[in-house]
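Heads up, the thing below is written out as structure tokens.
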Amino acid sequence: KKFIYFNDDVFLGAPVLPDDFVNAEGVQTFHMSWDVPKCAPGCADSWIGDGYCDKACNVSSCGFDYPDCVNVTSGGGDSGGYRGAAGQSTVSQGA
């Protein structure tokens with residue numbers, strides 16, 4: 001007999017069959033977890049806290065790309081992000 005042991009924090013959200021856990025040769029199969037939902041459309045996980053203020057991540061659900069977008073203003077355009085270094089404005093301060 002074979003059995004599957006689950007910790008108490010496992011939730012199966014759909015019916016399962018033995019084939020979901022063991023292949024035809026009797027070898028255990030392993031399922032990686034799914035992607036975590038993005039905090040905002042167009043904001044890659046690797047962009048959060050990468051040293052650049054990314055426009056797509058500069059929203060409350062992404063923590064305003066913390067700390068990248070603190071005290072940063074938009075340079076305009078559609079470059080996909082402000083691309084200013086952390087804590088620096090991309091807008092020139094000329095006379």
Side-chain angles (χ1 to χ4, degrees):
K1 294 237 172 207
K2 295 184 180 193
F3 67 93
I4 298 172
Y5 174 81
F6 288 112
N7 285 332
D8 61 352
D9 59 350
V10 173
F11 176 77
L12 301 175
V16 296
L17 299 171
D19 295 344
D20 295 327
F21 303 101
V22 180
N23 67 19
E25 292 81 36
V27 178
Q28 180 181 5
T29 58
F30 180 74
H31 301 279
M32 301 295 285
S33 64
W34 57 91
D35 282 337
V36 174
K38 305 290 184 233
C39 59
C43 178
D45 294 338
S46 62
W47 292 1
I48 303 293
D50 66 350
Y52 294 97
C53 180
D54 300 288
K55 187 175 183 178
C57 304
N58 192 11
V59 294
S60 62
S61 59
C62 296
F64 297 103
D65 200 3
Y66 189 79
D68 302 338
C69 293
V70 176
N71 298 323
V72 176
T73 59
S74 173
D78 290 325
S79 62
Y82 301 136
R83 308 317 283 168
Q88 297 178 355
S89 172
T90 58
V91 177
S92 65
Q93 300 296 322

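Each residue takes its place number in the sequence, starting with 1.
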side-chain contact (heavy atoms from CB on, under 4.5 Å) partners of [X], counting only residues at least two apart:
X	answer
Y66	V70
N7	Y5, D9
A44	S46, W47
E25	N23, V27

### Task
With rounding to the nearest 0.5 Å, note down the distance linking CG in D68 to CG in N58.
9.5 Å

### Flag, side chain of D65 to backbone of D54, donor-acceptor distance under 3.5 Å
yes

### Task
Inspect cysteines C43 and C57 and report if their side-chain SG atoms are under 2.5 angstrom from one another.
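Bridged: C43 to C57.
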
## Note on the structure
Residues joined to V16 in its hydrophobic cluster, side chain to side chain under 4.5 Å directly or through other members, sorted by chain and number, are I4, F6, V10, L12, F21, V22

### Query
Of the non-hydrogen atoms in P15 and D20, which two are nearest, and what is the gap between them?
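In terms of heavy atoms, the two residues are closest at O-OD2, 4.4 Å.
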
### Query
What pairs with D45 under salt bridge (charged side-chain N to carboxylate O under 4.0 Å, His left out), at least two apart in sequence or on another chain?
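With neighbours one apart ignored, the set is K38.
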
